[in-house]
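Counting convention: from 1, in listed order, for ligands and their atoms alike. Keep in mind the model is a prediction, meaning the values are calculated, not measured.
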Amino acid sequence: MSRGILVTGAAAGLGRAVALAFAERGDRVAVHYHSRQADAEATLNSLPGNGHTLVQGDITVAARQIADTAEEALGGVDVLVNNAAVLTTTETAHPLAGTSFEHWQRMWRESVDVNLLGAADMTFCVARHMIERGVAGHVVNVGSRGAFRGEPDHPAYGATKAALHSLGQSLAVSLAPHGIAVASVAPGFIATERVADWLTGERGAELKAQSPFGRVAEPREIAEAVVYLAGSQWASGAVLDLNGASYLRT
Ligand SMILES: NC(=O)c1ccc[n+]([C@@H]2O[C@H](COP(=O)([O-])OP(=O)(O)OC[C@H]3O[C@@H](n4cnc5c(N)ncnc54)[C@H](OP(=O)(O)O)[C@@H]3O)[C@@H](O)[C@H]2O)c1
């Protein structure tokens, strides 16, 4: 049966791969984007099947509007994928000993606003629709290995991803009586456009060597796990490590 899927931050990268994986299963996808309209249109146009739509908005201020628009356009959102985030790029780096206080504060606030509060608000607005419609919905959060391994150059990223995992686990318990499952993926490095420059030269070789497979993930490998979690009520509460054995937590 075709389901309605809202993927935040799906203009490119992992979000695009997730949108494609759901569409290939026959689902209807709301491709959400913030600033990259042309890329989001390219994602939309690449999707097989019918009933897909574009939804624009900043999740830090417009979560309700994004959720309502997707709900109406899809005829109901059955799965929310919280994928939008402030990433670990060269511009967002804020190692304590080598950054100004102003940049430190900006990165913390932006990371908390988008990675945690944005996802929390999106989940609130979409889950309330699910509860009203009485659907056995799913929320899948895109977390990170960095929550466990640490992010020395991007501590706000690591901390907000840890908080996102924790949010998912709390909501897994509180939403289960409504039939809604909540789970997270915790990927290691993924070869997306946003971080492509990290994968060249010596730094790229170091990143690949973190895994005994000698490589980083392809977006598709993570997207398939998101689709699995969005179909498994019994995986609710899980934080699924997807890092090619590059970090083994106990
Ligand atoms: N790449 C990796 O190595 C890696 C590893 C572990 C986890 N992850 C996670 O995977 C997810 C996708 O990452 P990616 O590599 O595919 O990077 P990406 O293409 O930059 O995806 C992040 C998306 O978040 C959106 N976004 C940022 N701020 C927003 C805001 N205020 N409101 C709405 N949307 C906003 C961006 O939208 P616009 O572009 O439209 O502005 C962007 O499309 C993220 O959650 C990231 O933390 C990535």
Distance filter under 4.0 Å to Gly143 heavy atoms, resulting ligand 1 atoms:
7 (C)
Going by distance only, is there an N or O of Ala85 that falls short of 3.5 Å from an N or O of ligand 1?
yes
If hydrogens are left out, which of Arg36, His32, Arg16 has an atom nearest to atom 19 (O) of ligand 1, that is, the closest non-hydrogen atom?
Arg36
Considering only protein heavy atoms, which is closest to atom 10 (O) of ligand 1, and at what distance to one decimal place?
Val142 CG1, 3.4 Å
Nearest protein heavy atom to atom 4 (C) of ligand 1, by residue and atom, and its distance?
Ile190 CD1, 3.6 Å
One thing to verify: whether Glu71 and Arg133 come together as a salt bridge, which I'm taking to mean a side-chain N less than 4.0 angstrom from a carboxylate O.
yes
What atoms of ligand 1 come closer than 4.0 angstrom to any heavy atom of Gly57?
32 (N), 33 (C)
Which residue owns the protein heavy atom closest to atom 25 (C) of ligand 1, what's the atom, and how far is it?
Ala84 CB, 3.8 Å
Geometric N/O contact Arg194 with ligand 1, under 3.5 angstrom:
yes
Backbone or side chain, does any N or O of Thr192 fall under 3.5 Å from an N or O of ligand 1?
yes
A side-chain contact here means heavy atoms from C-beta on lying under 4.5 Å apart; do His32 and Leu6 qualify?
yes
Thr99 side chain vs Pro95 backbone, donor-acceptor pair below 3.5 Å
no
Counting N and O atoms only, with roles assigned by atom type, does the side chain of Asp27 sit under 3.5 Å from a partner on the main chain of Arg3, one being a donor and the other an acceptor?
yes
Could you check whether Glu193 pairs with Arg36 (Lys NZ or Arg NE/NH1/NH2 to Asp/Glu carboxylate O, under 4.0 Å)?
no
Is the Phe148 ring parallel, tilted or perpendicular to the His165 ring (thresholds 30°, 60°)?
parallel
When you measure from the heavy atoms of Ala10 to every atom of ligand 1, does any distance fall below 4.0 Å?
no
Does Lys161 come within less than 4.0 angstrom of ligand 1, counting non-hydrogen atoms of the residue?
yes
Students should be able to answer this: which protein heavy-atom is nearest to atom 31 (N) of ligand 1, and at what distance?
Asp58 OD1, 2.9 Å
Give a yes-or-no answer on whether the side chains of Glu41 and Gln37 include a donor-acceptor pair shorter than 3.5 Å.
yes
Answer yes or no for Pro187: is there a heavy-atom contact with ligand 1 below 4.0 Å?
yes
Filtering Val7, Leu87, Val114 for the heavy atom nearest atom 17 (O) of ligand 1 leaves Leu87
Between Thr123 and Asn82, do the side chains contain an N or O donor and an N or O acceptor separated by less than 3.5 Å?
yes
For the residue pair Leu229 and Val185, establish whether any side-chain heavy-atom pair is separated by less than 4.5 Å.
yes
For ligand 1, is Gln37 a contact, meaning one of its heavy atoms is under 4.0 Å away?
no
Please confirm whether Gly188 approaches ligand 1 to less than 4.0 Å, judged on its heavy atoms.
yes
Does Met122 reach the side chain of Ile66, with side-chain heavy atoms less than 4.5 Å apart?
yes
Looking at Tyr247, I'd like to know if the NZ or CZ of Arg145 sits under 6.0 Å from its six-membered ring centre while staying within 45 degrees of the ring's axis.
no
Is there a side chain to side chain contact (heavy atoms under 4.5 Å, CB included) between Leu47 and Val29? Walk through the geometry before answering.
CA-CA 9 Å; Leu47 301 182; Val29 183; 4.1 Å; yes
How far is atom 16 (O) of ligand 1 from its nearest protein heavy atom, and which residue and atom name does that atom have?
Leu14 N, 2.8 Å
Taking 4.0 angstrom as the limit and counting only heavy atoms of Tyr33, give me the atoms of ligand 1 inside it, by number and element.
40 (O)
Ranked by distance from atom 32 (N) of ligand 1, the top protein heavy atom is Ile59 N, 2.9 Å
What do you reckon, does Asn83 have a nitrogen or oxygen under 3.5 Å from a nitrogen or oxygen of ligand 1?
yes
Ala62 to ligand 1, any heavy atom closer than 4.0 Å:
no
Counting only heavy atoms not in Asn50 (residues, nucleotides, ligands), do more than 12 fall under 6.0 Å from its CG?
no
When you look at CD of Gln233, are more than 12 heavy atoms from neighbouring residues, nucleotides or ligands closer to it than 6.0 Å?
no
Return a yes/no value for Gly15: is any of its N or O atoms, backbone included, closer than 3.5 angstrom to an N or O of ligand 1?
no
Would you say ligand 1 has an N or O under 3.5 Å from any N or O of Ser35?
yes
Under 4.0 Å between a side-chain nitrogen and a carboxylate oxygen: does that hold for Arg220 and Glu224?
yes
Looking only at protein heavy atoms, what sits closest to atom 8 (N) of ligand 1 is Tyr157 OH, 3.5 Å
Output the list of atoms in ligand 1 that are nearer than 4.0 Å to some heavy atom of Gly13, sorted by atom number.
16 (O)
Distance to 0.1 Å, residue and atom name: give those for the protein heavy atom nearest to atom 29 (C) of ligand 1.
His34 ND1, 3.7 Å
